[in-house]
Amino acid sequence: MHQPAAPPQTRVLIVEDDATIGRHLDTGLRSNNYLPTWSRTGASALTESERIPYEAVLLDLGLPDMDGLDVARQLRTRFPDLLIVILTARTDDIDIIAGLDAGADDYLVKPFSLTVLLARLRAHLRRRTPATPPQEPIRLGDLLIDTAARRCSLLGHEVTLRPKEFELLTALARNAGTAVSRETLMADVWDENWFGPTKTLDVTMAALRRRLAEAADRATSPARLPQIITLRGHGYRLEHPEPGDPSQLHQRDY
Ligand code: CA
């Protein structure tokens with residue numbers, strides 16, 4: 001199968017202690033036009049990440065010296081725009097959620113195919129190159145989504161969202177009041193050529209809802225928050241909050 005070339009000079013930091021997997025990734029990326037560097041420990045990866053700018057990190061969670069989640073957290077703090085993809089043998093939802101909460105943009109469960117990894121990398125990296133002009137912020141009740149600045153706030157207080165959570169919210173907000181299918185969301189937020197399981201959508205949606213609910217709980221006055229309605233067998237619909245009705249804030253049944 002033909003693999004489109006990587007964007008030129010894309011530096012990828014591989015953090016993997018397993019020699020077989022590490023070599024496989026290093027060779028595979030190199031032969032697909034990426035510039036990989038392979039670190040075998042969390043500490044050496046953090047050092048390496050400061051040495052030269054990387055566009056992406058492929059991060060094993062089970063490292064000999066540190067928990068991969070801590071590495072993800074530190075990388076995210078230091079490099080807000082870095083693409084972090086977790087490579088994990090752990091398949092429990094809780095581990096995937098922890099990885100995304102720690103700052104990862106995406107995850108792949110081992111064993112994964114190099115072809116899939118390369119497709120995900122391309123999709124993520126393509127999205128990082130702004131192709132559309134800045135857009136007006138979207139206001140939904142007390143929630144403000146500034147797509148140009150990639151910021152979200154509730155009653156003026158910043159709501160911290162992971163990149164995919166932000167994109168998911170934006171995709172729903174741009175179609176507020178309208179049903180959006182799972183397929184459309186997968187295509188818009190992840191990859192236009194997406195096919196296969198859409199569990200990553202459920203995981204990201206759960207995290208997004210939790211963050212919005214937490215932001216509403218933190219608000220010092222009642223906030224009007226849009227609701228995300230699940231449409232079983234179809235997708236989701238984001239609903240405008242009723243004008244002047246802060247009661248929707250505490251409806252947590254969504
Ligand atoms: Ca490992």
Side-chain angles (χ1 to χ4, degrees), residues 1 3 6 9-125 127-128 162-165 190-191 194 196-204 206-207:
M1 180 179 152
Q3 289 280 343
Q9 305 294 301
T10 304
R11 296 180 190 276
V12 180
L13 180 58
I14 302 164
V15 192
E16 173 62 75
D17 62 310
D18 183 287
T20 306
I21 299 173
R23 198 175 307 114
H24 178 59
L25 287 172
D26 189 67
T27 310
L29 287 171
R30 212 168 283 284
S31 62
N32 281 276
N33 221 17
Y34 290 88
L35 297 172
T37 302
W38 177 13
S39 293
R40 289 157 181 81
T41 64
S44 64
L46 290 171
T47 305
E48 175 61 25
S49 71
E50 302 279 3
R51 194 177 66 83
I52 51 170
Y54 283 90
E55 275 83 40
V57 173
L58 304 176
L59 177 62
D60 176 33
L61 284 188
L63 295 168
D65 60 331
M66 302 176 62
D67 188 333
L69 292 176
D70 287 331
V71 179
R73 263 181 224 108
Q74 293 194 37
L75 286 173
R76 178 53 72 224
T77 306
R78 295 182 199 179
F79 309 104
D81 297 328
L82 180 66
L83 169 63
I84 302 175
V85 178
I86 280 177
L87 309 175
T88 176
R90 309 172 189 181
T91 53
D92 290 344
D93 281 354
I94 191 75
D95 292 317
I96 292 168
I97 292 167
L100 296 172
D101 279 348
D105 299 286
D106 199 1
Y107 65 91
L108 283 169
V109 175
K110 296 175 186 175
F112 52 82
S113 82
L114 186 66
T115 310
V116 170
L117 170 66
L118 292 170
R120 294 267 188 107
L121 272 180
R122 280 196 309 277
H124 284 295
L125 293 169
R127 257 155 235 295
R128 279 163 190 253
R162 302 265 79 92
K164 288 298 172 201
E165 294 160 11
W190 278 271
D191 187 335
W194 184 274
T198 56
K199 190 174 174 186
T200 185
L201 170 58
D202 298 312
V203 172
T204 307

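Computation of the quantities below employed the complete heavy-atom set of this structure, encompassing side-chain atoms and omitting hydrogens, waters and symmetry-equivalent molecules. All ligand and atom numbering here is 1-based and tracks the order in the structure.
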- Message: Salt bridge check, Asp105 against Arg76: does any charged N sit closer than 4.0 Å to a carboxylate O?
- Response: yes
The Ca ion (ligand 1) -> Asp60, closest N, O or S atom is OD2
Smallest heavy-atom separation, Arg78 atom then Pro80 atom, equals O-CD, 3.6 Å
Worksheet item: With a cut-off of 3.0 Å, does Ala89 place any N/O/S atom under that distance from the Ca ion (ligand 1)?
Response: no
- Return yes if a side-chain donor-acceptor contact under 3.5 Å exists between Glu55 and Tyr34, otherwise no. no
The N/O/S atom of Asp17 lying closest to the Ca ion (ligand 1) is OD1
- Item | Salt-bridge present (Arg23, Asp26; N to O < 4.0 Å) | no
